Amino acid sequence: MLDIKFIRENPEAVQTAALQKRMEIDLDGILRLDRRRRENITEAEQLKKQLNAASAEIGKKKKAGEDTSGAIAAMKEVSARIGEMDDACREIEAELRRKMLRVPNIPDPSSPVGGEDKNIDLRSWGEKPEFTFTPAPHWELGEKMRMLDLPRGAKVSGSGFFVLTGIGAKLQRAVINFMLDRHVAAGYTEVRPPYLVNTATMTGTGQLPKLEDDMYRIANDDLYLIPTAEVPVTNMHAGETLRAEDLPLKYVAYTPCFRREAGAHGKDTRGMIRVHQFDKVELVKIVRPEDSWNELESLLADAENILQLLELPYRVRVLATGDLSFAAAKCYDLEVWAPGVGNYLEVSSCSNFLDFQARRMNARYRPAPKEKLQFVHTLNGSGLALPRTIIALLENHQTKQGTVRIPEALRPYLGGIDQIK
RNA sequence: GGAGAGAUGUCCGAGUGGUUUAAGGAGCACGCCUGGAAAGCGUGUGGGUGUUAACGCGCCUCCUGGGUUCGAAUCCCAGUCUCUCCGCCA
C-alpha cells in the first residue's frame with residue numbers, strides 16, 4: 001500500500017506507475033474519498049468535543065443533584081448526528097481502503113519502462129553445455145530413469161500435477177537440503193511456516209485482493225493455500241514493532257507452493273515447467289529502509305550462488321515495469337538454461353518491495369530511541385524453485401550414455417554418488 | 001467438537017456506568033540534591049489520526065468489530081487469541 005499522503009501530493013506519479021505496470025486504479029475516486037473523509041472527520045470531531053465536554057458537565061451536575069434533563073435532550077441530538085457521521089465515515093474509509101489496496105507499488109526508476117521485451121539482460125554466468133547428441137527434455141529423461149511420473153500425477157490430481165519417484169524424489173530432497181544448508185550458512189534463519197494462511201496474511205504481502213483467482217481457497221475455513229513461502233514468512237511480523245538492533249531479519253523457508261495458474265492454460269504444458277503444486281526454498285528479508293537496495297543485491301547473490309554450485313548456466317534480468325509484480329518496486333529474475341526444452345526457465349525472482357508490504361502489514365521499527373516509528377522494508381527471492389532446478393540439473397548434466405552427472409556440491413546429499421543411471 | 005477461565009499503557013497491577021482527562025507500583029528519561037554515586041524529591045513517559053507554516057488545539061485507542069446510553073475499560077451481541085479440563089485424532 002502506498003501512503004495516502006504520498007498519493008495526495010503525487011497523484012501523477014501514482015497514475016504513471018499504474019500505467020507502467022498496466023494496472024487499473026481509481027485515482028480520482030481515491031482523491032475524492034480522501035477529501036471527503038477528512039472533511040467528515042473534522043466536522044465530526046468538533047461535535048465529539050462538544051459532546052465530551054457536555055457529558056462531563058452532566059456528570060458533575062448529577063452528582064450535585066441538579067437537573068440535567070435539558071442538557072441530556074440536547075446531547076441526544078448531537079449524539080445521533082455523530083452516529084450518522086461516523087457511519088458515513090466508516091463507509092468512506094472502507095471504500096477508500098478497498099481502492100487503496102488495488103494501487104500497485106511504484107517501480108523504481110532503475111526498472112526499464114515497457115513490457116516483457118524491455119527486460120534487460122544484466123549478465124550471464126556459466127557456459128551452455130555442448131552436446132554431441134540432441135539433449136533430451138526432462139520429461140523423457142525423467143520417464144526413462146523412473147524419476148518422474150506425469151501420467152500418475154494427472155491421475156490422482158489432474159493436469160499440472162506430477163509425482164517424483166525413487167531417485168527423483170530423493171534428488172529433490174537432496175537439493176532442498178543443500179539449498180537450506182547453504183542459506184543457513186549465509187546467515188538466514190530456517191523457518192517452517194504454515195501452508196494455509198488467512199485473508200489478512202494474503203492481503204499483507206499483496207496477493208489479495210488482486211490475485212484472488214490465482215489461489216486455492218479453502219472456503220469452509222476461509223483459508224488459502226500459500227502460493228509462496230513469502231506470504232507466511234513475511235507476515236510473521238505483521239503488526240509488530242521490531243527492535244532496530246534485530247534488523248535485518250533473514251529467513252529461509254522450504255514449503256510447497258500452490259498456484260491455480262488461471263489464465264496460463266496451454267502455456268508450458270509439457271513436463272513440470274508450469275505446475276499447480278511445487279516445492280520452493282524461499283528467502284525473505286526484513287530490513288532497515290536505508291539498507292534495502294544493498295540487501296537486494298546480496299539476496300540476488302545468495303540465490304545465484306545456488307546455481308553456481310549446481311554448475312548450471314543462467315542469466316540475470318532486470319524486469320521491465322510491465323513485468324513487475326503488483327507489490328514490487330524492482331525485481332531481478334534468475335533464469336536457468338534448460339537445453340532439453342531449449343529455453344531459459346525462471347527459477348527465482350528477487351524483489352524489493354520497499355515499505356509497500358510493511359505498510360499493508362503494519363510492520364514497523366524505531367530507528368533510534370525517541371525517534372518516530374517507521375515502516376521496515378521487505379524483500380524476498382526464491383532460492384530456488386525446485387521443479388525447474390531439477391529440470392535444469394537433468395537437462396544440463398545429461399550424458400551420451402543416458403546418465404546424469406551429479407555436481408560436486410550435491411554429492412554429499414546423495415550418499416556420495418557422482419551420477420544417476 | 002463440548003465446558004470453563006482470561007486478554008488493561010514498556011512491565012506488574014487496580015478498576016462492574018459519570019472528578020479514570022486509566023489509581024498505584026516498577027522500569028526508563030530528564031532535572032534537583034551529591035566531590036561522585038546510591039537513596040530521596042520533582043517532572044515526563046505509547047500508538048493512530050484531524051487541523052496548523054509551526055507552537056499548539058482536538059479526536060480515536062483498556063484484544064477486535066458492532067450495539068445500548070447524554071456518557072462505556074465497566075452493560076449487551078458477535079468474533080479472535082491464550083490457558084485449563086473433557087471428547088476425538090496423526
Side-chain angles (χ1 to χ4, degrees), chain A residues 1-9 30-101 192-204 208 218-224 232 235-247 256 289 355-376:
Chain A
M1 201 152 58
L2 297 176
D3 187 349
I4 184 63
K5 281 188 202 128
F6 178 85
I7 297 177
R8 198 184 297 151
E9 286 158 20
I30 288 170
L31 294 172
R32 195 178 58 243
L33 287 165
D34 173 49
R35 217 176 306 119
R36 274 180 55 199
R37 172 178 171 271
R38 282 180 296 144
E39 288 166 1
N40 196 307
I41 285 177
T42 305
E43 195 182 333
E45 284 182 354
Q46 286 303 313
L47 293 174
K48 284 181 186 176
K49 185 181 177 183
Q50 191 187 333
L51 179 79
N52 286 344
S55 291
E57 201 56 35
I58 289 170
K60 275 187 203 160
K61 281 190 178 172
K62 277 215 163 173
K63 205 146 235 181
E66 297 174 35
D67 176 59
T68 55
S69 54
I72 286 178
M75 283 309 107
K76 197 164 195 154
E77 276 178 43
V78 173
S79 179
R81 177 74 188 129
I82 289 171
E84 283 167 28
M85 299 201 65
D86 279 350
D87 285 347
C89 203
R90 254 196 297 276
E91 260 173 59
I92 292 168
E93 278 175 352
E95 202 182 336
L96 180 60
R97 179 175 161 80
R98 217 170 319 154
K99 291 184 190 293
M100 294 267 291
L101 284 175
R192 311 225 75 207
Y195 305 158
L196 286 164
V197 299
N198 57 32
T199 302
T201 298
M202 275 298 185
T203 307
L208 286 179
I218 314 295
N220 280 351
D221 297 293
D222 201 26
L223 291 168
Y224 296 85
N235 278 286
M236 287 199 302
H237 297 292
E240 293 185 7
T241 300
L242 297 160
R243 305 194 325 173
E245 60 266 35
D246 290 339
L247 301 179
D355 63 2
F356 188 85
Q357 294 181 326
R359 185 172 288 107
R360 283 177 165 244
M361 296 191 306
N362 192 26
R364 300 173 298 171
Y365 84 112
R366 196 180 303 280
K370 301 266 182 182
E371 279 186 46
K372 288 208 68 166
L373 295 179
Q374 250 184 58
F375 290 112
V376 293

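Note on naming: letters A, B, ... go to the chains in the order of the sequence lines (proteins, then strands), and numbering restarts at 1 for each one. Everything quoted here is computed from the prediction, not taken from an experiment.
Atom CD in E77(A) sits roughly 12 Å away from atom P in C70(B) (whole-Å rounding). Atoms CZ (R243(A)) and P (C28(B)) sit 16 Å apart, rounded to a whole Å. Remark: C1' of U21(B) and NZ of K60(A) are 10 Å apart, rounded to the nearest angstrom. Spacing between atom CD1 of I82(A) and atom C1' of G67(B) amounts to 16 Å, rounded to whole angstrom units.
Note on D34(A) versus R38(A): salt bridge recorded, some NZ/NE/NH1/NH2 to OD/OE distance being below 4.0 Å.
Side-chain to base pairing of K49(A) with G58(B): no donor and acceptor N or O lie closer than 3.5 Å to each other.
Across every strand in view, G58(B) sits in a pair with U49(B) that passes the Watson-Crick or G-U test at under 3.5 angstrom. The partner of A38(B), taking Watson-Crick or G-U wobble pairs whose two distances both stay under 3.5 Å, does not exist in any strand shown. A5(B): Watson-Crick or G-U partner is U82(B), with both key distances under 3.5 Å. The partner of G44(B), taking Watson-Crick or G-U wobble pairs whose two distances both stay under 3.5 Å, is C28(B).
With G50(B), C70(B), G67(B) as the candidates, the nucleotide lying closest to the side chain of R8(A) is G50(B). Looking at the side chain of R37(A), the nearest of the listed nucleotides G66(B), C59(B), U49(B) is U49(B). The R90(A) side chain lies nearest to G67(B) when the options are C70(B), G67(B), U51(B). Residue S79(A) places its side chain closer to G71(B) than to any other of U51(B), G67(B), G71(B).
Here the separation of U74(B) from C89(B), taken at their C1' atoms, is 41 Å to the nearest Å. Straight-line distance between the C1' atoms of G27(B) and G46(B): roughly 14 Å, to the nearest whole Å. Comparing U64(B) with C81(B), their P atoms sit 15 Å apart, to the nearest whole Å. Nucleotides G47(B) and A38(B) are separated by 35 Å at their C1' atoms, to the nearest Å. The C1' atoms of G44(B) and C59(B) are separated by 23 Å, rounded to the nearest whole Å. U8(B) and A3(B) have their C1' atoms separated by 26 Å, with the value rounded to a whole Å.
Two residues, R364(A) and T42(A), neighbour RNA chain B, and the one matched to the more 5' nucleotide by heavy-atom proximity is R364(A). If K48(A) and K5(A) are placed on RNA chain B by their nearest nucleotide, the residue sitting closer to the 5' end is K5(A).
Here N52(A) reaches the OP1 or OP2 of C60(B): one of its side-chain N or O atoms lies under 4.0 Å away.
Enclosure of atom CD in E77(A) is not indicated, since only 12 or fewer non-hydrogen atoms of other residues, nucleotides or ligands lie within 6.0 angstrom.
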Quick one, T201(A) with N198(A), criterion side chain to side chain donor-acceptor pair (under 3.5 Å). Give me CA distance, side-chain angles, the key distance, then yes/no.
CA-CA 5 Å; T201(A) 298; N198(A) 57 32; 2.8 Å; yes
Please step through side chain to side chain contact (heavy atoms under 4.5 Å, CB included) for the pair I30(A) and I4(A), ending with a clear verdict.
CA-CA 9 Å; I30(A) 288 170; I4(A) 184 63; 4.0 Å; yes
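Residues R364(A) and H237(A) have side chains not in contact (no heavy-atom distance under 4.5 Å, counting atoms from C-beta outward).
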